[in-house]
There are 2 protein chains.
Amino acid sequence: MLDLSKLNLPEKQRLIVDTALDLFQQFGIKRIPVEEICKTAGVSKMTFYKYFKNKNELVRFMWEKGFEQSLEKFDEIQALDIPFEKKLQLILKMKEESTAKISHQFALDYFYASPDLKDFFEKLSRESISRFLSFIKNAQEKGEVRSDLRPEFLLAVINIIKIMVKDEALINSYSNYQDFVMEVNNFIFYGVLPRPTSEE
Amino acid sequence: MLDLSKLNLPEKQRLIVDTALDLFQQFGIKRIPVEEICKTAGVSKMTFYKYFKNKNELVRFMWEKGFEQSLEKFDEIQALDIPFEKKLQLILKMKEESTAKISHQFALDYFYASPDLKDFFEKLSRESISRFLSFIKNAQEKGEVRSDLRPEFLLAVINIIKIMVKDEALINSYSNYQDFVMEVNNFIFYGVLPRPTSEE
DNA sequence: CTAATATTATACGTTTTTTATATAATTATA
DNA sequence: TATAATTATATAAAAAACGTATAATATTAG
């Protein structure tokens with residue numbers, strides 16, 4: 001996620017974000033000093049500090065915009081006139097892609113250094129979860145998800161997943177992080193499909 | 001390259017080298033502080049400094065041992081009773097593998113910080129080149145490489161390649177660094193095969 | 001061309017990180 | 001139990017990174 005072409009930023013600012021995105025994904029946020037972003041982007045340090053108060057604000061900016069864009073896409077998918085399961089597939093794919101970007105390393109290693117960014121990240125996560133819950137509730141009303149599933153339970157499951165994400169042994173048992181993400185999503189979404197009661 | 005099992009190091013030292021190898025390859029040498037190697041390896045800092053004077057010495061150690069092992073393998077290949085072209089294929093494969101390890105990032109980003117390591121790396125490179133030249137000369141004597149090729153020219157070509165390696169635009173035009181390495185090797189070795197004069 | 005704006009290079013003081021060592025306590029081993 | 005290996009902790013010094021100030025240079029618009 002995060003399509004910079006949609007943001008209409010000044011050239012230099014776009015360059016900075018673009019470069020930082022690359023570097024952060026490759027090495028993790030905390031390993032990349034501001035000066036390296038600037039050097040790699042071919043932009044002076046002063047220009048960086050013109051557009052962003054500091055590295056945290058840059059990260060916040062990227063996450064916020066990326067989050068907005070993924071919400072937009074989420075809404076688009078919901079509005080499509082296709083079966084529930086197809087929507088789920090699209091959403092899973094989207095989730096997978098955005099998680100590949102705001103990936104393991106990218107996010108996690110920075111939290112230990114910056115508590116407020118961690119808070120911010122979790123705020124975005126919460127909002128994201130809430131959207132998913134609405135989606136499920138709506139699907140329940142339409143009979144696309146079994147009605148005896150308590151949304152609160154689903155919420156608890158999602159909270160547990162936040163803990164699971166910190167379980168390195170678990171994560172490492174997957175060949176890559178996306179596989180893990182897919183597993184989680186498969187569990188959440190395909191695990192709550194209406195149980196087959198009779199042939200149709 | 002660099003098979004730690006062959007080195008018979010004390011457990012903790014092996015752990016340190018093994019861990020450092022991983023981290024350096026993933027993030028580059030300069031991005032990994034000694035303390036992170038220790039934490040990741042689950043070894044105290046004092047133990048690190050017991051086995052290595054500093055990070056440079058660790059890097060030097062790894063390069064030296066890796067270089068020794070690759071020379072051994074090089075000699076083994078030369079001693080095999082197989083056609084010249086088969087040997088070349090094996091050597092190319094070996095080169096490719098060892099370059100994948102002492103890779104782009106792994107080596108290059110550190111040179112700017114540590115000139116003596118750069119010197120050391122280049123010393124190893126020179127020795128390596130010299131070995132290759134002997135190999136070619138020997139092949140010339142056997143009529144496996146065209147005799148009108150001047151080894152000095154080959155040396156010059158190899159020196160130019162050292163400059164080429166610093167040409168980021170060129171490197172980036174390959175999808176990955178190994179592809180570039182293969183290209184270079186293909187040029188050097190397959191470009192000097194005896195020209196077909198008549199059918200045999 | 002001129003004035004306003006954006007960008008850069010440089011220098012700088014401050015904070016943070018990293019380094020490398022010293023010391024004492026703990027653990028493992030013969 | 002004595003010896004060696006390892007750790008935890010503290011610390012001074014060096015290096016890296018931060019963020020700002022300033023002056024010079026490009027760029028752009030009127």
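Remember, it's a predicted structure, so these values are computed and weren't measured experimentally. What's counted below: heavy atoms across the whole structure, side chains too, no hydrogens, waters or symmetry copies.
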Handout entry: Rounded distance (Å) that lies between atom P of C/dT21 and atom CE of B/Met46
Key = 8 Å
Problem - Pair B/Glu11 + B/Arg14: basic N to acidic O under 4.0 Å - result: yes
Exercise for the section: State whether the distance check finds a donor on one side and an acceptor on the other, under 3.5 Å, for side chain A/Lys45 versus base D/dG19. Expected result: yes
Practice task
State whether B/Thr47 places a side-chain N or O below 4.0 Å from either non-bridging phosphate oxygen (OP1 or OP2) of D/dT7.
Solution key: yes
Exercise for the section: In whole angstrom, give the distance that lies between atom NZ of A/Lys30 and atom C1' of D/dC18. Expected result: 18 Å
Problem - Five-pair end axes of the helix from C/dC1-D/dG30 to C/dA30-D/dT1 and the angle they enclose, rounded to 10° - result: 50°
Fill in the blank from the handout: In whole angstroms, the gap separating P of C/dA20 from CD1 of B/Ile16 amounts to 14 Å
Exercise for the section: Verify the cluster assignment for B/Leu7 and B/Val43: are they in a single hydrophobic cluster under the rule of side-chain heavy atoms below 4.5 Å apart? Expected result: yes
Problem - Aromatic plane relationship, A/Phe52 with A/Phe61 - under 30° parallel, 30 to 60° tilted, over 60° perpendicular - result: perpendicular
Handout entry: Partners passing side-chain hydrogen bond (donor to acceptor under 3.5 Å, both in side chains) against B/Asn8 (at least two apart in sequence or in another chain)
Key = none
Problem - Spacing of B/Leu23 atom CG and B/Ile37 atom CD1 [to the nearest 0.5 Å] - result: 6.5 Å
Fill in the blank from the handout: Side-chain contact check for B/Val34: nearest option of C/dT19, D/dC18, C/dT8 is C/dT19
Handout entry: A/Phe48 CZ - C/dA6 C1' separation (whole Å)
Key = 17 Å
Problem - Ring centre gap for B/Phe132 and B/Phe74 strictly below 6.0 Å - result: yes
Practice task
Please state how far atom CD1 in A/Ile37 lies from atom C1' in D/dC18, giving the value in whole angstrom units.
Solution key: 12 Å
Exercise for the section: Would you mind reading off the distance between B/Ile32 atom CD1 and C/dT18 atom P, rounded to a whole angstrom? Expected result: 10 Å
Exercise for the section: Write down the distance between OH (B/Tyr49) and P (D/dT7), rounded to a whole number of angstrom. Expected result: 15 Å
Practice task
Classify the side-chain pair A/Ser44/A/Thr47 by whether it contains a donor and acceptor separated by less than 3.5 Å.
Solution key: yes
Exercise for the section: Classify the nucleic acid contact of B/Tyr51 as base, sugar-phosphate or nothing, counting any heavy atom under 4.0 Å across all strands shown. Expected result: sugar-phosphate
Practice task
Describe the nucleic acid contact of A/Lys50 in one word from base, sugar-phosphate, nothing, applying a heavy-atom distance below 4.0 Å.
Solution key: sugar-phosphate
Problem - Distance in angstrom units between A/Glu35 CD and C/dT8 C1', rounded - result: 14 Å
Completion exercise
Ranking D/dT6, D/dC18, C/dT19 by distance to the side chain of B/Lys12, first place goes to D/dT6
